[in-house]
Amino acid sequence: MEGQENIILLHGFSASKDSWLRFAAVFEGRYHIVALDLMGHGDNNQDLSQSYTIESQVDYVHKVAGKLGIKRFHIVGNSMGGAISSLYSALYPEQILSAILISPAGIHAIPSKMDELLAQGRNPLIATTPESFDQLIDFVMEDRPFMPTAIIKVEAEKAVSRVAINEKILKDIKVNSEHDMEIYLSRIQAPVLIIWGEHDRVIDVANIEKYVDLIPNAQKLVLEGIGHVAMIEAPELSANAMIRFMPKSFL
């Protein structure tokens with residue numbers, strides 16, 4: 001809305017804009033919130049011929065911001081969305097007021113539980129049955145909020161229907177090398193807040209130190225008792241941490 005600063009929210013792998021519902025509610029009336037479905041996710045087409053690399057997703061976000069007439073904004077990303085937010089901040093510094101990275105992908109210097117499972121040929125982030133979807137939730141969350149059974153059933157059905165596109169997206173986002181991401185992180189000019197759950201099994205929290213070392217103007221916040229998706233597990237806590245961080249530089 002006119003007169004309000006813009007915040008663009010980018011979800012993680014196999015998620016959707018709905019991941020931000022409770023998190024975004026904390027900002028209501030104070031900021032203009034735009035939660036996007038990234039390419040291949042949510043209500044967007046599942047095109048197996050499309051490129052879903054981090055670079056392609058950055059280009060998509062840039063085009064959407066342009067169509068919406070959003071010239072400057074705070075960018076917030078979780079996991080894959082964190083990698084997209086990082087690269088976007090490096091490539092378009094004139095647009096970024098601040099970046100908030102929640103358990104961001106991109107740097108995996110310290111192996112996680114997920115890395116161990118992948119080495120065994122198991123991917124806990126791709127659900128192939130309703131039962132494995134329930135296991136996925138427990139894997140990404142340490143503090144699982146209440147979810148009605150009907151909602152879990154619907155989300156499980158969606159996840160199972162996404163196996164092919166999820167495999168394609170995961171293959172594409174692996175194209176980005178960790179070395180390249182390190183270079184881009186060092187080029188970010190905006191203030192950055194990195195929020196990480198202490199019990200993240202997807203990307204080990206110890207990697208937060210690497211991000212702080214690489215990004216010139218970064219602060220860190222580790223949340224006790226939280227897993228990979230702090231904006232779902234602790235929406236008010238993580239959103240308020242972001243609000244406290246932002247006024248120091250901008251308001």
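Everything quoted here is computed from the prediction, not taken from an experiment.
A continuous path of Ile, Leu, Val, Met, Phe, Trp and Tyr side chains, each step under 4.5 Å between heavy atoms, connects L221 with V202, placing both in one hydrophobic cluster. Linking ILVMFWY side-chain heavy atoms closer than 4.5 Å, directly or via other members, places V160 and I165 in two distinct hydrophobic clusters. The hydrophobic clustering, which links ILVMFWY residues whose side-chain heavy atoms are closer than 4.5 Å, places I173 and V163 together. Under a hydrophobic clustering in which Ile, Leu, Val, Met, Phe, Trp and Tyr are joined whenever their side-chain heavy atoms come within less than 4.5 Å, directly or via other members, V58 and I183 fall into different clusters. A continuous path of Ile, Leu, Val, Met, Phe, Trp and Tyr side chains, each step under 4.5 Å between heavy atoms, connects V212 with V222, placing both in one hydrophobic cluster.
Under a 3.5 Å cut-off, the side chain of D37 and the backbone N or O of D43 do form a donor-acceptor pair. Under the 3.5 Å distance criterion, the side-chain polar atoms of Q50 are left unmatched by any main-chain donor or acceptor of G40. In this structure, N45 contributes its side chain and D47 its backbone to no donor-acceptor pair below 3.5 Å. Using a distance-only test at 3.5 Å, with no hydrogens or angles considered, a donor-acceptor pair links the side chain of S16 to the main chain of D18. Looking only at distances, no side-chain donor or acceptor of N166 sits under 3.5 Å from a matching main-chain atom of S14. In this structure a side-chain-to-backbone donor-acceptor pair under 3.5 Å is missing from E5 to Y31.
Note that CD of E233 and NE2 of H199 are 10.0 Å apart. Values are rounded to the nearest 0.5 Å. We find the CG-CD1 distance between N207 and I107 to be 7.5 Å, quoted to the nearest 0.5 Å. For the atom pair CZ (R162) and CD1 (I169), the distance works out to 5.0 Å, reported to the nearest 0.5 Å. In this structure, the separation between CG on L193 and CZ on F245 is 5.0 Å, given to the nearest 0.5 Å. Atom-to-atom distance recorded for D180:CG and L185:CG is 11.0 Å, nearest 0.5 angstrom. With rounding to the nearest 0.5 angstrom, the CD1 atom of I243 is 7.5 Å from the CD1 atom of I7.
Side-chain contact, S112 with D115: a donor N or O sits under 3.5 Å from an acceptor N or O. In the model, T53 has no side-chain atom that pairs as donor or acceptor with a side-chain atom of D172 under 3.5 Å. Side chains of S89 and S86: no donor on one and acceptor on the other come within 3.5 Å. Defined by atom type and a distance below 3.5 Å, a donor-acceptor pair is present between the side-chain atoms of H74 and S98.
Between R72 and E94 no salt bridge is recorded (no basic side-chain N to carboxylate O distance below 4.0 Å). A salt bridge is absent between D200 and K113: the closest approach of a Lys/Arg side-chain nitrogen to an acidic carboxylate oxygen does not fall below 4.0 angstrom. Between R144 and D134 there is a salt bridge, with a side-chain nitrogen of the basic residue lying less than 4.0 Å from a carboxylate oxygen of the acidic one.
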> L125 and V140: side-chain contact (heavy atoms from CB on, under 4.5 Å), yes or no, with the steps?
Replying inline: CA-CA 8 Å; L125 297 188; V140 300; 3.6 Å; yes

> For E236 and R22, what are the C-alpha separation, side-chain angles and deciding distance, and is it a salt bridge (charged side-chain N to carboxylate O under 4.0 Å, His left out)?
Replying inline: CA-CA 8 Å; E236 292 187 4; R22 294 171 62 202; over 6 Å; no

>> With side-chain contact (heavy atoms from CB on, under 4.5 Å) as the criterion, how do H62 and Q95 come out once you've worked through the C-alpha distance, each side chain's angles and the decisive distance to 0.1 Å?
In response: CA-CA 10 Å; H62 187 244; Q95 288 190 286; 3.3 Å; yes

> Should E198 and L223 be marked as a side-chain contact (heavy atoms from CB on, under 4.5 Å) after you check the CA-CA gap, both sets of side-chain angles, and the distance that decides it?
Replying inline: CA-CA 6 Å; E198 178 187 30; L223 301 181; over 6 Å; no

> Would M80 and H41 count as a side-chain contact (heavy atoms from CB on, under 4.5 Å) if you check the C-alpha gap in whole Å, the side-chain angles of each, and the deciding distance to 0.1 Å?
Replying inline: CA-CA 12 Å; M80 179 187 75; H41 293 79; 3.6 Å; yes

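For the pair S19 and M231, the minimum side-chain heavy-atom distance is below 4.5 Å. Annotation: side chain of K220 is not in contact with side chain of I195 (no heavy-atom distance under 4.5 Å). Considering only heavy atoms from C-beta on, M114 comes within 4.5 Å of N123 through its side chain. V76 places none of its side-chain heavy atoms less than 4.5 Å from the side chain of I8. Side chains of N6 and H32 form a contact here, defined as non-hydrogen atoms less than 4.5 Å apart. Residues W20 and H11 have side chains in contact (heavy-atom distance under 4.5 Å, counting atoms from C-beta outward). Side-chain contact between N217 and Q189 is absent, with no heavy-atom pair separated by less than 4.5 Å. Put simply, the side chain of I152 reaches to within 4.5 Å of the side chain of F133, judged on heavy atoms.
Environment of CD in E28: sparse, with no more than 12 heavy atoms of neighbouring residues, nucleotides or ligands closer than 6.0 Å. Within 6.0 Å of CD in E157 there are more than 12 heavy atoms belonging to other residues, nucleotides or ligands. When the shell of 6.0 Å around NZ of K210 is examined, it contains 12 or fewer heavy atoms from other residues, nucleotides or ligands. No more than 12 heavy-atom neighbours from other residues, nucleotides or ligands sit within 6.0 angstrom of CD on E224.
Scanning both residues, I203 and A105, for their nearest heavy atoms gives CD1-CA, 3.5 Å. The shortest non-hydrogen separation linking P130 to A156 is CA-CB, 4.1 Å. Closest of all the heavy-atom pairs between Q4 and G29 is NE2-O, 2.9 Å. The heavy-atom pair separating I110 from A206 by the smallest distance is CG1-CB, 3.8 Å. Scanning all heavy atoms of the two residues, the minimum distance from S103 to G197 falls at OG-N, 3.9 Å. Shown here for S186 and P216, the closest heavy-atom pair between the two residues is O-CG, 3.5 Å.
Of the residues I126, N78, L38, the one that meets the side-chain contact (heavy atoms from CB on, under 4.5 Å) test with F13 is I126. Here the rule is side-chain contact (heavy atoms from CB on, under 4.5 Å) with S85, and of L9, I100, L101 only L101 fits it.
Within the structure, every pair that satisfies the ring-ring contact (aromatic ring centres under 6.0 Å, His included) test and touches residues 202-243, not counting sequence neighbours, is listed here: W196-Y211.
Ring planes of F27 and F23: tilted class, angle from 30 to 60°. Classified by interplanar angle (parallel below 30°, tilted 30° to 60°, perpendicular above 60°), the ring pair Y88/Y92 is tilted.
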